[in-house]
Amino acid sequence: MKNEEKKPKSRRDFLKLGLMVGGGIAGAGMLSSCGKDEAISFNCKKVKVLTPEGKLVEVDECNMKEMDTPVNEKEVREGIAGKKFTMVIDLARCKNARKCVEGCQREHDLPVKDEWLRVYLMKDSKEEGYYWFPKPCFHCDSPPCVNVCPVGATFKRQDGIVLIDNNECIGCKFCMAACPYSSRVFNWKEHDQSEMNKGCFNPEENIQHQVGTVGKCDFCPDMAKQGVLPSCVTACPNGTIFFGDINEDMVTNGVDTFRFRQLLQERAGYRYMEELGTRPSVYYLPPVNRQFPVERGLEGLDKEVSDRYKNERIQITK
Amino acid sequence: METEKTEVGMLREFIPILDRFSRKEVFFMSFLSIFLIWGCVGLIFQVVYGHIVTGMRDNVMWGIFISNFIFFMGLGYSGAVISAVFRLFRVKWAIPLVRMVEIITVISILIGPVYVLLCMGRLDRLQHLITDGRIQSPIYWDFLAINTFIIGSVIFLYVTSIRDFALLRDNSNLLKIGKFRKKLYKILSLNFKNKPAQIKYLKQAINIISTIIIPIAIILSTILSWIFGMTLRPGWHSTIFGPYFVFASIYSGTGLLIILMFIFRKIYKLEKYIEEKHFKYVSIILMILGAFYGYLTFTEYLTGWYGSESWELELIFKFFTPTFYGILFFCSSLFGIIIPIIVAAIPKLRTIRNVTIIGVFVVVSLWIKRYILIIPTLETPLLPIQDTRPEYITYSPTWVELSMVAGGFALFITLFIIISKFMPIISVAEVSEAIDNENLNQSKIL
């Protein structure tokens, strides 16, 4: 998000940055740090840090715990003010390299079989051609999953992101039934997670997967807070996925930056299954003037992955 | 004093049922307990190893548990409607049947919700429904609905049984039962002394509850359908779902009533009270309900097929081609709608045996119908399933799920037998009152 960085930051953002740079945090309203072992040293230095309220305080360095992002439940539920995140996926650039899937799984410490972002091989009608179709969660503006949640575990934020609070989820799976895009994944069993991610939970980071609850693509809000692009965007070698802010009218894949509305208008952007009325935040650019032939996407895949497209594959290679 | 005698005389016929278990019953109960234990083993397995031991996966995230849940809830709602309609319309011939129907209601409404709980990933967080419940969610509507109905149906059964409890209290010396049970009858009869004023108030109470419970049961079975109707899924997202569920419920409940009439008539020798005419009359009700249900099925699929939206069509083709679901759909329509209507429509065919057979057909077909209402829809999401894991593409229940389903049915029968041992399966006070009135009328004519 190059453009964002150039923009003057709000006072609140500045304070947050200060906290991160300071590498420490003190003050009320904060949850404890996640998973990182405390290193005890005896020669404590005094360090000055800013509290979220803007107070400058002095604390012992050895009492400080490092935190990635300050987590506050209210803040997580409300989202980042003034933002409206969006994703534009250029189908002409996708060749099923699957780097986005891997990037997402790495970022969220997901098991290999669980994919929050899936790549489909699609064909709209008999005479049309095949194309690769990466599908994250659409973060709908009228999200059926949020409507049906009986306990408010999944929620819509002001920045457009739909998140799941896995500490709240009762695992009724109604959101999975309600989502028309099959975007939600259930944690059917306990995953072997890396030690670091155990015992802490932050809906924005989404790295701890609790058994019996639902997970899904989260648009990486913890990274957006730091001004970093989601890992699926940065992982893609072809710059297929653009991420940005509708309010800023900018989307970027890390290399190219476009005006969001202009890009949609010039390239005939559309939303998948607009007729359902869910108003997705993910836009697609049709697969015209493609960079790669469809067959390239079938090369060098694991057998497991290439078997997914078995029926379609026969037709393509004909 | 005339009434007193008829009542006591009738109660005497129930004494061998009430105060002992025959050898056959003990044998049958131990046979059922095998299924109960099997169900418990499945339950323990699921609790220990989690949902991974079930056949449910991301696409079919609700399986046989939910279809069983709808089945039992349907029986529950139907029981209340059938009994309340019989009572409100003063259907004289149906008086011996109402108690059975009310017991069906209470037992199914207690077993049904267990299957939803089995579907939930985090049962330890059930209290979130109370602390953080959201009224926007159909699951929350159902949570309120089921709780309302459990209370309502238990009150309904209890209020209609007070007179029998009083009768059992007054004649407890006839029964070979322990002190505790005598005391229990005394408490449950609420000092009911058969005074004219008491009878009047009790009848008023029954009338009021019957009036209230019909709309409640209809609303609640509609709410049950809305869990599915409110989602954007082919086969579920349909305006007809509310009435469809209501009629399917009452239809299956009537089928079960016939089966129970047959069984209890046989094993408890109640031929005097449950006569052939009862089977005939109930079969006519079954025919009317079957026609409604068939009509709704027909319109549901015809509009889907004629409009031929691509998602809807994909599902409909699964039902109307000779696939696994197609065969199930065909059988459930043939044995669940067409054959019962034909058998009930022709007076010659309305024998006790035939009516019982169509009752079995209806109940089994409606169970199958609930299965194909849930699973094929979930196997047909809007985006294609591109997966290699077979359990993600097609659902098949594992032994864990099947054992708990079997356990649920065994529990239903067990509870029915236990209740039939605790109170007469036929409302003794009401039936004897009807007999007395009839005798009185006849003597007046003479």
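Below, chain A is the first sequence line, B the second, and so on; all start at residue 1.
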For this session: Answer with yes or no after comparing the ring centroid distance for Phe319(B) and Phe329(B) against a 6.0 Å cut-off, counting only values under it.
Result: yes
Exercise. Are the ring centres of Tyr181(A) and Phe138(A) closer than 6.0 Å?
Worked result: yes
Problem set entry | Max heavy-atom pair count under 4.5 Å with chain B, selected residue of Glu304(A), Met176(A), Glu168(A) | Glu168(A)
Problem set entry | chain B interface, residue from Leu276(A), Val214(A), Asn167(A) that has the most non-hydrogen pairs under 4.5 Å | Asn167(A)
Problem set entry | Cation-pi geometry met for Lys173(A) and Phe186(A) (6.0 Å, 45°) | yes
Exercise. Asn238(A) side chain to Thr240(A) main-chain N or O, any donor-acceptor pair under 3.5 Å?
Worked result: no
Problem set entry | Portion of Trp62(B) that has a non-hydrogen atom of chain A nearer than 4.5 angstrom | side chain
Problem set entry | Engaged part of Leu117(B) at the chain A interface, taking heavy atoms whose separation is under 4.5 Å | neither
Problem set entry | Toward chain B, the part of Glu190(A) with a non-hydrogen atom under 4.5 Å | neither
Problem set entry | Row check, Phe292(A) ring normal vs Arg296(A) NZ/CZ: under 6.0 Å, within 45° | no
Seminar exercise, completed: Assert top hit (heavy-atom pairs under 4.5 Å, partner chain B, pool Leu121(A), Thr213(A), Val305(A), Asn187(A)) equals Leu121(A)
Problem set entry | Closest-packed option against chain B by number of heavy-atom pairs under 4.5 Å, given Thr278(A), Val146(A), Val185(A) | Val185(A)
Exercise. Pick from Thr231(B), Thr388(B), Leu129(B): which one has the most heavy-atom pairs with chain A under 4.5 Å?
Worked result: Thr388(B)
Problem set entry | Option that, when pairs with chain B are counted at under 4.5 Å, heavy atom only, ranks first among Cys149(A), Ala178(A), Ser182(A) | Cys149(A)
For this session: Answer yes or no: is there a donor N or O on one side and an acceptor on the other, between the side chain of His51(B) and the main chain of Leu118(B), under 3.5 Å?
Result: yes
Problem set entry | Parallel, tilted or perpendicular, as decided by the 30° and 60° cut-offs, for the rings of Trp367(B) and Tyr371(B) | parallel
Exercise. At a heavy-atom separation under 4.5 Å, does Tyr309(A) approach chain B through its side chain, its backbone, both, or neither?
Worked result: side chain
Exercise. Ile139(B), Leu383(B), Ile52(B): which one forms the most heavy-atom pairs within less than 4.5 Å of chain A?
Worked result: Leu383(B)
For this session: Against chain A, label Met56(B) side chain, backbone, both or neither, depending on which of its atoms sit under 4.5 Å from a heavy atom there.
Result: both
Problem set entry | Proximity breakdown for Val119(A) and chain B, heavy-atom pairs closer than 4.5 Å | backbone
Problem set entry | Which portion of Lys310(A) sits near chain B, non-hydrogen atoms under 4.5 angstrom | neither
Problem set entry | Check: Tyr272(A) ring centre within less than 6.0 Å of Tyr283(A) ring centre | no
Problem set entry | Spatial distance of atom CZ (Arg77(A)) from atom CG (Asp165(A)) [nearest 0.5 Å] | 5.0 Å
For this session: Identify which of Ala153(A), Cys179(A), Cys172(A) forms the greatest number of heavy-atom pairs closer than 4.5 Å to chain B.
Result: Cys172(A)
Exercise. What part of Asn147(A) gets closer than 4.5 Å to chain B, counting heavy atoms only: side chain, backbone, both or neither?
Worked result: backbone
For this session: Kindly assign one of parallel, tilted or perpendicular to the pair Tyr115(B) and Phe65(B), based on the angle between their ring planes and the thresholds 30° and 60°.
Result: tilted
